[in-house]
Amino acid sequence: MTAPFDGADYRRATDHFPNFEARPLIGIAGNFGDKGCELAEGYYESIVAAGGVPVVLPPTMTQPEQAISLLERLDGILLSGGADLNPLYVGEEPVPGLGGINARRDRFEMFLIRLARDRQIPMLGICRGIQMLAAALGGKIIQDLSSANIAPLIKHSQQAERGVPTHTVQAKDGSLVRRLLGDEFAVNSFHHQAVADAGPSLTATAWAKDGVIEAVENETGSIVGVQWHPECFLAARDESMMPLFRHLTAQAEAFRKAKAFHQSNLTLDSHCDTPMFFDKGVHLDRRDPQLLVDFHKMAEGRLDASIMVAYIPQGSLTDEGRADATRMAARLLGELEERVGRTGGVALARTPDELAANKRRGIKSIMRGIENGYAIGRDLSLIEHFRKMGIVYMTLCHNGDNDLCDSARRSQQTHGGLSDFGREAVREMNRTGMMVDLSHAAETSFYDALRESRMPIVCSHSSCRALCNHPRNLTDDQLRALAEKGGVAQITFYNGFLVEGDAVAGIHDAVRHILHAVSVAGIDHVGIGTDFDGDGGVRGLDSASSLIKLTEVLQAEGIDHEDLEKIWGGNFLRVMRQAQAAAE
């Protein structure tokens, strides 16, 4: 019997300063019943037992403003069980065995899952929830197991108490589900629909004895779906399924901590090639599937600022080729300014102080750079011209030697490092406050520029050769030399610069390069330059929207708040501030 209210709970909550430790807020998608939104207590009791704070999400918020406002407040999502999925949502007609559906709930959850995935919000899908995850993220559903020609088919809709397991599940080696629950375990079962194909974003990681998919997960483990009902076990005093809820809560807590960092600190990506796509009809002011960086994805990943460059492919060293390169740079930089200018909530920035001011106003910032000194031809006056436009750095070369220096790739060893003109260009960049960028440069060019420059230099998008033997990467000696002169190496997320051969890189490979650079050069000399839209992007870091996940992983690796601030732009902006101040 519940004790009558005597005010004791209220007194305990108010008899001292309210400094309770924050807990992650988990939204639970509500079911639909005769009286509207309803929810079995096992869902929210399991979240409470795992250390989270549950809130119920009624399936009514399908307006973008409502849904995004809701997601801004949530740290995790639990998708509960319920009615069958409407087959029209996955492009199919109904089979005879289809049960009852709830179109309003289907629409809400399809919408919710996609928005949550874009924002890296952790999700756990249960029974219907695993099917909704697959359907929303490009997979396929079995509408009715009894008519799916699975032989022999075990009984998936049990007639037993809900907390009683009735069949076994086998988990895949190396999977999150296996780590949490073991290689083989018993589950309860209340379904006649199932996942047929997990889709491109998820991987099947557990199966029943008849081959029916029982669990799915994504690359980072932030999205998990299970076909059984783990929330029923706690009510039966069985805690064997609590690792699933603890995992969701831990993921939500990590996401909450990452959000808190991004809320209070400026984050900068020092290199992306998005202007290269301007002639393909792309849009920066919406979520464009052709781009890895647009203003919408920056908001999703909580990225405050990006340096977008005018990338100039290396052409012939003729007067005509040089003139074409200059015109191309001017056109791309001008178009970027025009596109930013017509978009609310985004502004160009020329200095670190302007970045900070935009951050305080809640405005995203775009800085501009030039990739390939081919853009200035042999005209030193163009350096001052571009600097007055607000260009913050110029990469001295790309793939192939130019008039300034030799390249790390496709080089003919034209100059043996910097040319005489290249030395003049470095001095002029110092004079005007434009940072010298040595990504893409040959080692000879790197060391020549390091000696010539009065200011620290940067490598806006380079990784570590000790971990991936590619000529575009920096050796440990280069990292140390860069640090000794006060410069910064910005680790990039290009697959071929992170792993060798046919290996496929992921987020942990990127973090491995960051940590290696920190161990060699020191925490004051490392940052992030994604090379998104320039063939950058790896599993788990596939666009600007995923960058908050990088913060989560770095925090999990023990990078504290102060050091994370340095990596996420503080070091790079220190060099920018120094270069610009010397020119004033």
Side-chain angles (χ1 to χ4, degrees), residues 268-271 307 309 351-352 367-376 380 383 386-387 391-398 402-408 415-465 471-492 517-518 520-529 531 566-567 569-583:
L268 168 73
D269 172 8
S270 65
H271 188 92
I307 302 180
V309 300
T351 69
M367 287 183 149
R368 291 176 295 170
I370 293 174
E371 185 172 24
N372 196 355
Y374 185 43
I376 67 165
L380 282 179
I383 293 175
F386 283 127
R387 177 68 196 116
I391 306 312
V392 294
Y393 72 71
M394 183 171 71
T395 316
L396 293 192
C397 63
H398 192 252
N402 61 18
D403 290 305
L404 284 76
C405 67
D406 293 341
S407 171
H415 311 291
L418 282 187
S419 66
D420 290 341
F421 177 71
R423 289 181 172 83
E424 291 184 76
V426 168
R427 292 193 293 270
E428 181 67 2
M429 292 170 74
N430 288 168
R431 186 189 72 80
T432 60
M434 185 184 292
M435 290 191 291
V436 178
D437 175 22
L438 270 297
S439 285
H440 286 285
E443 284 190 61
T444 50
S445 301
F446 173 91
Y447 286 111
D448 281 353
L450 207 62
R451 285 188 290 268
E452 191 67 41
S453 179
R454 293 184 295 105
M455 293 290 107
I457 65 171
V458 298
C459 293
S460 68
H461 57 303
S462 295
S463 293
C464 304
R465 202 180 303 185
R472 264 280 284 110
N473 284 343
L474 300 173
T475 67
D476 285 359
D477 285 344
Q478 285 178 289
L479 287 169
R480 283 187 282 266
L482 188 68
E484 287 172 6
K485 292 292 292 284
V488 183
Q490 303 288 102
I491 301 302
T492 195
V518 168
V520 174
I523 190 61
D524 295 320
H525 305 284
V526 180
I528 295 164
D531 207 11
K566 292 178 179 180
I567 291 171
N571 292 331
F572 192 88
L573 293 176
R574 181 197 72 243
V575 176
M576 184 186 297
R577 193 181 299 276
Q578 188 174 347
Q580 293 180 358

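Only a predicted model underlies this, so the values are computations on that prediction, with no experimental measurement involved.
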State the NZ-CZ distance between K485 and R454, to the nearest 0.5 angstrom. 11.0 Å
Could you tell me whether the side chain of R423 and the main chain of L418 form a donor-acceptor pair under 3.5 Å? yes
Inspect the contact between R431 and E428 and indicate whether a charged nitrogen and a carboxylate oxygen are less than 4.0 angstrom apart. yes
Using only heavy-atom distances, determine whether the side chains of N430 and S453 contain a donor-acceptor pair under 3.5 Å. yes
Value for OG (S445) from CG (L450), rounded to nearest 0.5 Å, stands at 12.0 Å
Testing V426, I376, V436, D437 for side-chain contact (heavy atoms from CB on, under 4.5 Å) with M394, which one passes? I376
Output the distance between atom CZ (F572) and atom CD1 (I528), rounded to the nearest 0.5 Å. 12.0 Å
Qualifying residue for side-chain contact (heavy atoms from CB on, under 4.5 Å) with I391, from I370, I307, V309: I370
Run the side-chain contact (heavy atoms from CB on, under 4.5 Å) test on H271 and T492 for me, step by step, so that the C-alpha distance in whole Å, both residues' side-chain angles and the decisive distance to 0.1 Å come before the verdict. CA-CA 9 Å; H271 188 92; T492 195; over 6 Å; no
Any donor-acceptor pair under 3.5 Å linking the side chain of S419 with the backbone of L404? yes
Would you please classify the geometry between the H440 ring and the H398 ring as parallel, tilted or perpendicular, with 30° and 60° separating the classes? tilted
With a 4.5 Å heavy-atom cut-off, do Q580 and V392 have their side chains touching? yes
Side chains of L482 and L438: closer than 4.5 Å at any heavy-atom pair? no
dist D477:CG -> F446:CZ (nearest 0.5 Å) comes out at 9.5 Å
Is a side-chain N or O of Y393 found less than 3.5 angstrom from the main chain of V458, in a donor-acceptor match? no
4.5 Å side-chain heavy-atom contact, L474 and C459: yes
Please lay out, stage by stage, how N571 and H525 fare under the test side-chain contact (heavy atoms from CB on, under 4.5 Å). CA-CA 6 Å; N571 292 331; H525 305 284; 5.7 Å; no
Which distance, rounded to the nearest 0.5 Å, do you find between the CZ of R465 and the CG of N473? 7.0 Å
Do F386 and T432 pass the side-chain contact (heavy atoms from CB on, under 4.5 Å) test, and can you show the C-alpha distance, the side-chain angles, and the key distance before you say yes or no? CA-CA 10 Å; F386 283 127; T432 60; over 6 Å; no
Strictly distance-based, threshold 3.5 Å: is any side-chain N or O of Q490 a donor or acceptor partner for the main-chain N or O of G527? yes
Polar side-chain atom of D406 near backbone of G417 as donor-acceptor pair, under 3.5 Å: yes
Report yes if some heavy atom in the side chain of I491 is under 4.5 Å from a heavy atom in the side chain of C464; otherwise report no. yes
S462 side chain to S439 side chain, donor-acceptor N/O pair below 3.5 angstrom: yes
Apply side-chain contact (heavy atoms from CB on, under 4.5 Å) to the pair M576 and M435, showing each step before the final yes or no. CA-CA 7 Å; M576 184 186 297; M435 290 191 291; 3.7 Å; yes
Look up atom CD1 in I523 and atom CD1 in I567, then write down how far apart they are to the nearest 0.5 Å. 4.0 Å
Taking side chain as C-beta onward, heavy atoms only, is H461 less than 4.5 Å from R472? yes
Taking every non-hydrogen atom, the tightest pair across G433 and R387: O-NE, 3.5 Å
At their closest point, which heavy atom of I383 faces which heavy atom of A425, and how far apart are they? CD1-O, 3.6 Å
Contact summary for P471 and A408, nearest pair of heavy atoms: O-CB, 3.5 Å
Using every non-hydrogen atom in the two residues, find where L396 and C405 come nearest and quote the distance to one decimal. CB-SG, 3.9 Å
Using atom types as modelled and distance alone, determine if a side-chain donor or acceptor of R574 lies under 3.5 Å from a backbone N or O of V488. no
For the student: nearest non-hydrogen atoms of T444 and G416, plus distance: CB-O, 3.6 Å
